[in-house]
Amino acid sequence: MSTALQMTALGLALLSTLFLLLATCTDCWMVNADDSLEVSHKCRGLWRECVTNMQDGVRTCDQYDSILADHPVKIVVTRTLLITGDLLAGLALATLILGLDCIKLLKEEPRVKLKMCYGAGVTLGAASLLGLVGSVWYAVDVYVERAMLVSHNIFLGVHYDFGWSCWLGMAGSTGCLVASVLLTCCLY
């Protein structure tokens, strides 16, 4: 039972960490929602903004000037939280792999291996918390920005909704949380 639980947690942690990494690297955190002519598809991300022409499929991206430049708080906070969550999830994966029963390292020390799995679960929990806070922070900020424009009857021609990168970040964080629960609560 313990080995099956460990392998389930490992598979979920691998997939969730991949989702978190993809969410951090991709550039569709916000997507335009009201282009009635559907001539272009605009995405804003943490690192750049891209526009795809729907007629011919040509995609152009504008990189943000610098990582250290003045950016909106939502971008800086989300970047920081997701990068930290990615690093913690990677550390947790390495610890989990070394703590698996099927790995020969420290085979004579089952208590140490169990503590490694537990530590990986706690680290995955921290990574999931950071990823969820970052993703939800960004989503709430997008919603508040949109609600402010609507409440003041301001129409700029384009408003944005949550993009697939935002949903990917939330899914990866939730998966890390479930893997954390499996490793910390169910393994004992």
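Computed from a predicted structure; not experimentally measured.
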Taking C-beta and beyond as the side chain, do F162 and Y143 meet within less than 4.5 Å on heavy atoms? yes
Would you confirm whether T184, through its side chain, and G121, through its main-chain N or O, come within 3.5 Å as a donor-acceptor pair? no
With ILVMFWY side chains joined below 4.5 Å, transitively, what does V51's cluster contain besides itself? none
Under the salt bridge (Lys or Arg N to Asp or Glu O under 4.0 Å) rule, what pairs show up with a residue in residues 122-141, not counting sequence neighbours? K74-D141
Mind jotting down which residue pairs meet the side chain to side chain donor-acceptor pair (under 3.5 Å) criterion with at least one end in residues 82-99? Sequence neighbours excluded, please. T24-D86
What residues form a salt bridge (Lys or Arg N to Asp or Glu O under 4.0 Å) with E109, not counting sequence neighbours? none
Verdict with supporting geometry, S180 and V122, side-chain contact (heavy atoms from CB on, under 4.5 Å): CA-CA 6 Å; S180 173; V122 170; over 6 Å; no
Under 3.5 Å, which donor-acceptor pairs link side chains of residues 127-139 to any protein atom two or more places apart or in another chain?
unit_1: S128; atom_1: OG; unit_2: G125; atom_2: O; d: 2.8
unit_1: S135; atom_1: OG; unit_2: G131; atom_2: O; d: 3.0

Hey, does W29 have a side-chain heavy atom less than 4.5 Å from the side chain of T78? yes
Joining Ile, Leu, Val, Met, Phe, Trp and Tyr whenever any side-chain heavy atoms lie under 4.5 Å apart, the cluster holding L91 also takes in none
Apart from L168 itself, what residues make up its hydrophobic cluster, given side-chain heavy atom links below 4.5 Å? L15, L18, F19, L22, W164
With sequence neighbours left out, what residues match C50 under side-chain contact (heavy atoms from CB on, under 4.5 Å)? D27, R48, R59, C61
Running the 4.5 Å side-chain criterion over Ile, Leu, Val, Met, Phe, Trp and Tyr, what cluster does L177 land in, apart from itself? none
Between C43 and M30, is any pair of side-chain heavy atoms under 4.5 Å apart? no
Check side-chain contact (heavy atoms from CB on, under 4.5 Å) between D56 and all other residues, then give those that pass, not counting sequence neighbours. N53, V58
Show every donor-acceptor pair shorter than 3.5 Å between a side-chain atom in residues 96-106 and any protein atom, with sequence neighbours excluded, or say none if there are none.
none

Residues that C25 engages under disulfide (SG to SG under 2.5 Å), provided they are two or more places apart: none
